[in-house]
Amino acid sequence: MEEKRRWKNRLCISAIALAVLVLVLAVDGLAFLGMKYVFHLDFSQDYRQVKAAGQLRFWSSWNEIVYIRCPFGLRPIEKREDIPLEEKPALTWLDTSVYDVTDSGGTAAWYDWKEDKIFLGNVEGEVQDSYDVLYDCEKLAFSPDGRYLLNYEIEYGGEITDDEYCYYRVIDLGEGTQYTVYSGYREWFRVYWEGE
């Protein structure tokens, strides 16, 4: 009888400890997700491969703060009511399926949503290269030196909930490799390169 009571006590203590552990993990996970969204945390280090990553700017229209990429995510650097305007080139040969276009020194880049690719070519429309994207591309911008092309992609959930995960990627045009410099759930920023 005594052995049975000890076994019940151990089982009860184990169940309580397990319930407390699950509760602590759930609260910890929710706290981390909240901090990630509020403090724009992103511990990936891919951005270090981009030499001009220090020139990238992330502007939030909600609080009018400009952020830069640092080892733990985004860090605020200034408060601005406006950001540099970008003039879109009027390239008459572009198809209606082209969503965004940018140019730099005779080189043009455009996103064609039908083909789901970013095309790189000259302003006359001759394609020199193309890059696959994983999700819908919303924005393109050349770095001031023309070596990198920034593309901002959004993954739409398309289900009952409107899950939107944002990816800010940079393509090294010399090597053809892509680096994700920042990503986050509903982290909508207007991105540009300082020095544009």
Side-chain angles (χ1 to χ4, degrees), residues 32-33 35-61 65-78 80 83-84 86 88-89 98-123 127-157 163-196:
F32 177 76
L33 289 176
M35 286 177 43
K36 179 178 179 356
Y37 184 72
V38 171
F39 297 112
H40 309 293
L41 300 176
D42 181 359
F43 297 104
S44 65
Q45 298 297 305
D46 234 13
Y47 79 98
R48 291 179 181 264
Q49 303 297 321
V50 180
K51 291 182 178 24
Q55 292 178 287
L56 273 173
R57 299 295 183 261
F58 300 81
W59 183 71
S60 169
S61 60
I65 294 179
V66 177
Y67 298 88
I68 60 170
R69 185 67 164 95
C70 67
F72 300 108
L74 299 182
R75 179 175 57 91
I77 58 169
E78 65 178 309
R80 294 178 65 169
I83 58 170
E86 180 186 5
K88 299 285 182 190
V98 170
Y99 183 78
D100 192 29
V101 62
T102 187
D103 69 340
S104 172
T107 303
W110 60 94
Y111 170 66
D112 188 321
W113 60 270
K114 282 185 182 173
E115 296 195 36
D116 212 18
K117 287 186 176 194
I118 295 172
F119 292 97
L120 186 68
N122 60 26
V123 292
V127 176
Q128 298 166 347
D129 212 344
S130 66
Y131 304 95
D132 292 324
V133 293
L134 297 174
Y135 308 107
D136 294 336
C137 186
E138 300 288 323
K139 170 89 172 117
L140 297 171
F142 280 104
S143 63
D145 62 2
R147 178 179 175 186
Y148 300 104
L149 178 66
L150 172 76
N151 63 308
Y152 164 38
E153 298 175 32
I154 297 181
E155 175 186 8
Y156 294 103
D163 292 342
E164 297 170 350
Y165 209 82
C166 305
Y167 299 90
Y168 300 87
R169 294 191 172 98
V170 170
I171 302 171
D172 185 328
L173 298 176
E175 299 174 7
T177 53
Q178 294 190 33
Y179 303 102
T180 302
V181 292
Y182 183 72
S183 64
Y185 175 71
R186 293 193 169 192
E187 297 274 347
W188 302 298
F189 292 102
R190 169 85 189 271
V191 285
Y192 64 97
W193 297 88
E194 185 64 30
E196 280 187 313

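None of these values were measured; they are calculated from a predicted model.
- Pairing each heavy atom of E153 with each of L134, the nearest pair is OE1-N, 3.3 Å.
- Residue I171 forms a side chain to side chain contact (heavy atoms under 4.5 Å, CB included) with just one option from I118, T177, D129, V50, and that option is I118.
- Between F142 and A109, the shortest heavy-atom distance links the atoms CZ-CB, 3.7 Å.
- Between the R69 side chain and the V181 main chain, a donor and an acceptor come within less than 3.5 Å of each other.
- Between Y67 and F189, the ring-plane angle classifies as perpendicular under the 30° and 60° cut-offs.
- For the atom pair CD (Q55) and CG (D145), the distance works out to 7.0 Å, reported to the nearest 0.5 Å.
- Residues K117 and D132 share a closest heavy-atom pair of CE-OD1, 3.1 Å.
- Across all non-hydrogen atoms, the minimal contact from Y167 to E155 is OH-OE1, 3.3 Å.
- Using the six-membered ring where Trp is involved, F119 and W110 have ring planes that are parallel, under 30° apart on the 30 and 60° scheme.
- With hydrogens and angles ignored, the 3.5 Å screen pairs no side-chain donor or acceptor of E187 with any backbone N or O of C166.
- A side chain to side chain contact (heavy atoms under 4.5 Å, CB included) with Y152 holds for exactly one of E138, R190, R169; it is E138.
- R147 places no side-chain N or O within donor-acceptor distance of the main-chain N or O of P144, the cut-off being under 3.5 Å.
- Using a 30° and 60° split on the angle between ring planes, W193 and Y148 fall in the parallel class, below 30°.
- Residues Y111 and D116 bring a donor and an acceptor atom of their side chains to less than 3.5 Å of each other.
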**Request:** Start with the C-alpha distance between Y131 and L173, add both sets of side-chain angles, then the distance that settles side-chain contact (heavy atoms from CB on, under 4.5 Å), and finish with yes or no.
**Result:** CA-CA 10 Å; Y131 304 95; L173 298 176; 3.7 Å; yes
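- Of the listed residues (L56, N151, L149), just one forms a side chain to side chain contact (heavy atoms under 4.5 Å, CB included) with V170, and that residue is L56.
- Put simply, the side chain of R57 reaches to within 4.5 Å of the side chain of I68, judged on heavy atoms.
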